[in-house]
Amino acid sequence: MTEFKLNNGQGIELTKDGILIKGNHIEIDGNITIVKDDKHANIVEQDDKSIKASIVTIDDEPKIMEPNPISYGKLATLEAKLSTAMTEIDKLKATIKIERALTDNKITDAVIKARLGE
């Protein structure tokens, strides 16, 4: 995506798939012509005083954001909390397995006693 500002201050976004108009209001009354292909856009703007022609290269590569130190700190804190939670979940799983094994043993002992006592 490539952003381009028109002479009237309006912004447009150019992508290989189309032209996106930014903002709540834009005036195009035959004085602005945009012709594009997948890689370039030709923009011609005309007013009473001049004609401006622009050739814009369309960049559809994804934008890679630099890490924000504040956000990175929050992310590190969340990762630490998640790691702690996962450790606690693993401990609970182990406890549940032990409790299940003890319950199974009690049931087995009760069944054996019941059969022997018949």
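A distance of 8.5 Å separates NZ in Lys93 from CE in Met86, rounded to the nearest 0.5 Å. To the nearest 0.5 Å, atom OG1 of residue Thr84 and atom CD1 of residue Ile89 are 11.0 Å apart. Taken from CD1 in Ile112 to CD1 in Ile107, the straight-line distance is 12.0 Å, to the nearest 0.5 Å. With rounding to the nearest 0.5 angstrom, the CG atom of Asp104 is 13.5 Å from the NZ atom of Lys97. Leu14 CG to Ile43 CD1: the interatomic distance, rounded to the nearest 0.5 Å, is 5.0 Å.
In this structure, Leu82 places its CG atom where more than 12 heavy-atom neighbours from other residues, nucleotides or ligands lie under 6.0 Å away. Crowding of Lys52 atom NZ: a count of heavy atoms from other residues, nucleotides or ligands under 6.0 Å exceeding 12.
In this structure, the side chains of Ile51 and Val44 come closer than 4.5 Å at one or more pairs of heavy atoms. Counting heavy atoms from C-beta outward, Thr57 and His40 have side chains that approach closer than 4.5 Å.
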